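We name chains A, B, ... by the order of the sequence lines, and we start the count at 1 in each one. As the structure is a prediction and not an experimental result, all values here were calculated from the model.
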Protein chains: 2
Amino acid sequence: MMAKEITRGQLAKRSGCNIETIRYYEKIGLMPEPPRSASGYRQYDENHERRLLFVMRGRELGFTIADLTSLLDLVDRRAVSCGEVEKLARSHLRSVQEKISDLKRMESTLSDTVRSCSGQDVPDCPLIDRLFDTEFN
Amino acid sequence: MMAKEITRGQLAKRSGCNIETIRYYEKIGLMPEPPRSASGYRQYDENHERRLLFVMRGRELGFTIADLTSLLDLVDRRAVSCGEVEKLARSHLRSVQEKISDLKRMESTLSDTVRSCSGQDVPDCPLIDRLFDTEFN
DNA sequence: TGTAGTCCCTGTAGTAACTACAGGGTCAAG
DNA sequence: CTTGACCCTGTAGTTACTACAGGGACTACA
């Protein structure tokens, strides 16, 4: 089989991942150390690209590096158990939902407060008042 | 007027702020350096407490330290302009709204995917497939 | 053959907003 | 006078990258 290896820069371009991030993922063990050319250049193949895309998609879904390390470890050990993965994913889902509700709380307070702003160049400001006001914990 | 100064630990307890965080806020200039007792203990008064609560409420609303530095700078210079504050707050509000929509996208993908999980101890898993699948960018 | 430009290599530092030590001094109670 | 709970300082660790600096390698072109 023909290898058609690519460099780190090429992998970065193809995947859309920052070139330094690829090296970072290697350093923390999320990406394997690829073989090197005679002059020390990293040589990546389709498996590396596949794995990098896995990581990138996982990150887009908000999984932590630790989560992805666990998931890829299951894959690497050929020990994927849908039940286990689901457990991790559901726990992540809950944390995403918590973040959403935190942010929604912020959003409603912010928009309520900003709505009552005059927008004029005056020293009296509802937001400043609200932040100083002892009534709001 | 009677001063009734309190220590850092007391301020921490009263405000609910972590004791180390108070020192951190001082280091980055968000809190002023308080006077010291003869033996070097920090002595805080109501103004410090008020300011700390301002910062804590601001952080709860998701403002960055830089935002709060700007806001408090306006206050300190007695140059609060509701228009200016509103501009900052609206820009922050937009970023909160963006975060919400990012998280909602994550949430829907995650819950869709997890819903199709068998939850059984089997190697075939929709989430893993989805992360590996080239169809999903 | 020389050289310019673009890659790649390494290690390290910086980002945000804290949080948690270690190693030492202080203060109040018994 | 000792014990325990405080306070002080500086520094390192956390998350997930990102951005250098200083040096080698490779390609194209004159």
Side-chain angles (χ1 to χ4, degrees), chain A residues 5-31 33-44 48 51-72 92 95-96 98-99 102-103 106, chain B residues 5-31 33-44 48 51-72 92 95-96 98-99 102-103 106:
Chain A
E5 284 109 5
I6 58 175
T7 66
R8 184 157 55 105
Q10 285 165 335
L11 179 57
K13 193 160 279 176
R14 282 167 67 144
S15 63
C17 186
N18 181 296
I19 188 170
E20 296 293 310
T21 304
I22 296 173
R23 192 161 61 106
Y24 169 68
Y25 286 159
E26 179 182 327
K27 199 174 77 180
I28 63 174
L30 208 45
M31 289 289 289
E33 292 187 28
R36 301 289 185 120
S37 73
S39 55
Y41 286 22
R42 287 173 180 81
Q43 294 174 313
Y44 295 101
H48 293 107
R51 193 181 180 98
L52 179 58
L53 289 172
F54 182 104
V55 171
M56 291 175 71
R57 291 188 198 110
R59 292 291 301 131
E60 272 163 37
L61 289 180
F63 284 105
T64 63
I65 296 284
D67 289 340
L68 295 172
T69 301
S70 302
L71 291 177
L72 282 169
H92 172 51
S95 95
V96 168
E98 275 166 35
K99 274 184 200 138
D102 288 351
L103 286 166
M106 289 179 199
Chain B
E5 283 107 7
I6 58 174
T7 66
R8 183 156 57 107
Q10 286 165 336
L11 180 57
K13 192 161 281 174
R14 282 167 66 145
S15 62
C17 185
N18 182 296
I19 187 170
E20 296 295 308
T21 303
I22 296 173
R23 194 162 59 108
Y24 169 69
Y25 287 159
E26 179 182 326
K27 200 173 76 179
I28 63 174
L30 208 45
M31 289 290 288
E33 292 186 27
R36 302 290 184 119
S37 74
S39 53
Y41 285 23
R42 288 174 180 79
Q43 294 174 312
Y44 295 101
H48 293 107
R51 194 182 179 97
L52 179 57
L53 290 172
F54 182 104
V55 171
M56 291 174 72
R57 292 188 196 108
R59 292 291 301 131
E60 270 163 36
L61 290 180
F63 284 104
T64 64
I65 297 285
D67 288 341
L68 295 172
T69 301
S70 303
L71 291 178
L72 283 169
H92 173 51
S95 97
V96 168
E98 274 167 35
K99 273 184 199 138
D102 288 351
L103 285 167
M106 290 180 197

So, OP1 or OP2 of [N]: does either fall under 4.0 Å of a side-chain N or O from [X]?
| X | N | result |
| --- | --- | --- |
| B:Thr21 | C:dC18 | no |
| B:Arg42 | D:dT9 | yes |
| A:Thr7 | C:dC8 | yes |
| B:Tyr25 | C:dC18 | yes |
| B:Ser39 | C:dC27 | yes |
| A:Tyr41 | D:dA25 | no |

How many whole angstroms separate atom [atom1] of [X] from atom [atom2] of [N]?
| X | N | atom1 | atom2 | result |
| --- | --- | --- | --- | --- |
| A:Glu33 | C:dC9 | CD | C1' | 14 Å |
| B:Glu26 | C:dA17 | CD | P | 18 Å |
| B:Ile22 | C:dA17 | CD1 | C1' | 15 Å |
| A:Tyr24 | D:dC20 | OH | P | 19 Å |
| A:Ile19 | C:dT6 | CD1 | P | 15 Å |
| B:Asp67 | C:dA16 | CG | P | 12 Å |
| B:Leu30 | C:dC18 | CG | C1' | 12 Å |
| B:Met56 | C:dA17 | CE | P | 15 Å |

I want to verify a distance call: between [options], whose nearest atom is closest to the [X] side chain?
| X | options | answer |
| --- | --- | --- |
| B:Lys27 | D:dC17, D:dT11, C:dC8 | D:dT11 |
| B:Arg23 | C:dC21, D:dT18, C:dT19 | C:dC21 |
| B:Glu20 | C:dC18, D:dC17, C:dC21 | C:dC21 |
| A:Arg36 | D:dT11, C:dT10, D:dC8 | C:dT10 |

**Item:** Interface residues of residues 8-18 of chain A with DNA chain C (non-hydrogen, below 4.0 angstrom)
**Value:** A:Arg8, A:Gly9, A:Gln10
**Prompt:** So what is the end-to-end bend of the helix from C:dT1-D:dA30 to C:dG30-D:dC1, with 5 pairs used at each end and the value given to 10 degrees?
**Reply:** 30°
**Request:** Output the distance between atom CZ (B:Phe54) and atom CG (B:Leu71), rounded to the nearest 0.5 Å.
**Result:** 5.0 Å
